[in-house]
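Written out below as structure tokens is the structure these notes cover.
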Amino acid sequence: VAASDPPLELADLAAIPVTRLDGVGEKAAPGFERLGMATVLDVLTTYPRRYIDRTKQARIGDLAVGESATLLVKVTSSSTRQTRNRRSLTNVTVTDGTGRITCTFFNQRWRERQLSPGTEVVIFGKLEEYRGTRQMTNPVVDFIGDETAGIVPVYAQSEKEKVGTREVAKLVRSALRKSRYRGFADPVPEDVLDQHDLILRGAAFEGIHHPETFAEMQVARKRLVFDELLRVQLALVLRKRALEDSLKGIEHVTGGQLRRAFLERLPYELTGAQQRVIAEIDADLAAPVPMHRLLQGDVGSGKTVVAVAAMLAAVDGGHQGALMAPTEVLAEQHHLGVSALLEGLEVEEEGSLLGNRPLAVRLLTNRTPAAERKKLFAGLEDGTIDLVIGTHALIQEGVAFKSLGVAVVDEQHRFGVEQRAALRERPGQETSPDVLVMTATPIPRTAAMTVYGDLETSILDELPPGRTPIVTTWIKSSAEGPETLADTAEEQAMWAEVRSEVAAGRQAYVVCPLIEESEKLEVRSAEETQEALLAPGGELEGLRVGLLHGRVPAAEKEQTMASFRAGDLDVLVATTVIEVGVDVSNATVMVILDADRFGIAQLHQLRGRVGRGSDASRCFLVGAGITDDGEQRLEAMVETTDGFKLAEVDLDLRGEGTIMGARQKGRSDLKLASLRRDREWVEKARAVAFALVDGDPGLKQHQVLREEVRLFLPEDEQDFLLRS
Ligand code: ADP
Ligand code: MG
């Protein structure tokens, strides 16, 4: 390598195999590759998991019982014995010259080999006293070797591949050393770096791996976090602009007669939030670029009216509207609800003597009988059907519209990018419909920017007036699992409440535990719960209790839902199939069994099935809450009904992994950036991405940056990124 060679771009680093680094022979390379380090770029972006500050090391002699500390020690002896309950107990005695402690490890026999006498290690743990011996139980052990630096990076280790933090550190050192000849290219424009107080990329790589102070590490981290987030935002913004440029939309009329007639007939006033969101949507509808908007609105915030208002704008201009729901139950319910809202509305009919015909709203699901389906297809094609509501059946082959003007996708999280695209791309139609995506699972702002970054966002952050807040109670069950459904006085009181609500003419849901591993077990548990509740002496003996789960045949499911809606059933025992959208305003009690098995988003959705009318509603969360997370989830649910607040808690508890969903593979993962910790940087990166793309469409002046986006987020993975 000559010093005159141009600085290294990330693509260059990605083209150099690890075998070119010191200490990696043909034999060692496969192990590193399995750990995700195949190239020099991989090595440089394998960031330390944490750092050991050797300047702040404690000494055993100064340490008090109950204190946690990092110690640099030498092993003096180690041995393993069997405990009475058949576990192995390895005792390792260590010293640092000022004192002596014992490290105890349960069921980690291999520690005896790893920590043989004479070995020097850094341990981190809490000092305890047990039967007069000072000890640490299961401390964190790191081999940092003869490191002399003040701050030592600790990398993820793999026992299996026999790669420890020392081996990785060596590789990183070699990678940095070899890169110094040419230096790192920096594709981020200088003014952007200045504006956000960011250091150069080369300094950032040095600083994250070998900082002299923690402040230096933070500065380096900031730069690298920015790079990761900028690449994601560039991908999203490029995609957004490309869609806008390639698709021709319809300039809808938003003040037409149908829309006006619809709003005038509504039995209630729109909330301020509904008015604001409709105005946001209208601005998009009127524009020549097709709308691509996400509507986030908590359960019960009134998204349906907004969706109908949008679709009617299409009909007013002689186009059609479609509403796609994730399940048949939901599609049917939407069809009933929307038809009722539109009852009596008429559309002008050209060439007809009377000039008007009733607005035509139809339902299309996989269960629509063949004959009816044929008629329906014909009606969609000749434009005599104005609005169609359905499931995935809407985007199957054979469905052709005369002119689809507005498409609404409800409960987005069940649909992927492909489905949105299928709705948008109309073969034979010159224009693309405006697309509105609705979700009742609020996600924090910065997460929305990352997951749905190619969509505009509207938020319905106000509930219609007159709702009484749902009172949520956590009913603690025993950790061993309940013997019956009413082991404790609290549980008995809960069932008494269910019975008294039913006696007062209202209805209840009982949601059975989620069993991820097996639908069969889940169904079984729902059946058993129904049986137990109805058995002689059971908690709901004598009530009309229906059952709904994933294996109930579709026709029966519909029948059960219809009975519940009609009030012919008092209680519905169900699995999570009732999670989204089910709307029975007479239901006022929600009981969720084993609630700590559910995630916050799911609990929030389930709870949203009650509190839909003006009657006060209650939600009971039955759970032991034995895990920290479980306890915090249930506490958060008791504390607030605000979906956005819960989403923040959820993000804090679960991290972004789940939000980023299936995107586990490839380089595209955010390795350093955290949607929680780095919220402000998500926003900054997004603003920079817009400025760059809009100042230089296609990033022609920023080729290196464009290449980096491709390198980390190949086109096919960008789809992944956009799927939740
Ligand atoms: P979601 O956002 O959960 O889909 P819906 O659209 O189903 O909410 O609305 C929930 C309930 O609130 C429905 O019964 C609907 O009729 C009612 N609703 C919607 N908007 C208003 C409003 N502005 N004032 C009063 N009730 C409303
Ligand atoms: Mg809804």
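Whatever order the structure lists them in is the order used to number ligands and atoms, beginning at 1.
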Which of the atoms in ligand 1, numbered in the order shown and given with their element, are less than 4.0 Å from a heavy-atom of [X]?
{"X": "Asp298", "result": "2 (O)"}
{"X": "Arg612", "result": "3 (O), 7 (O)"}
{"X": "Thr271", "result": "23 (N)"}
{"X": "Thr304", "result": "4 (O), 5 (P), 6 (O), 7 (O)"}
{"X": "Leu270", "result": "23 (N)"}
{"X": "Glu269", "result": "22 (C), 23 (N), 24 (N)"}

Any atom of ligand 1 sitting under 4.0 Å from a heavy atom of [X]?
{"X": "Leu341", "answer": "no"}
{"X": "Gly300", "answer": "yes"}
{"X": "Ser585", "answer": "no"}

Carboxylate-amine/guanidinium contact [X] [Y], below 4.0 Å:
{"X": "Lys402", "Y": "Asp386", "answer": "no"}
{"X": "Glu497", "Y": "Arg618", "answer": "yes"}
{"X": "Arg565", "Y": "Glu558", "answer": "no"}
{"X": "Asp316", "Y": "Arg259", "answer": "no"}

Within 6.0 angstrom of [X] [atom1], more than 12 heavy atoms from elsewhere:
{"X": "Glu635", "atom1": "CD", "value": "yes"}
{"X": "Lys240", "atom1": "NZ", "value": "yes"}
{"X": "Glu639", "atom1": "CD", "value": "no"}

N/O to N/O below 3.5 Å, does that happen between Gly302 and ligand 1?
->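 N/O-N/O distance below 3.5 Å exists for this pair.
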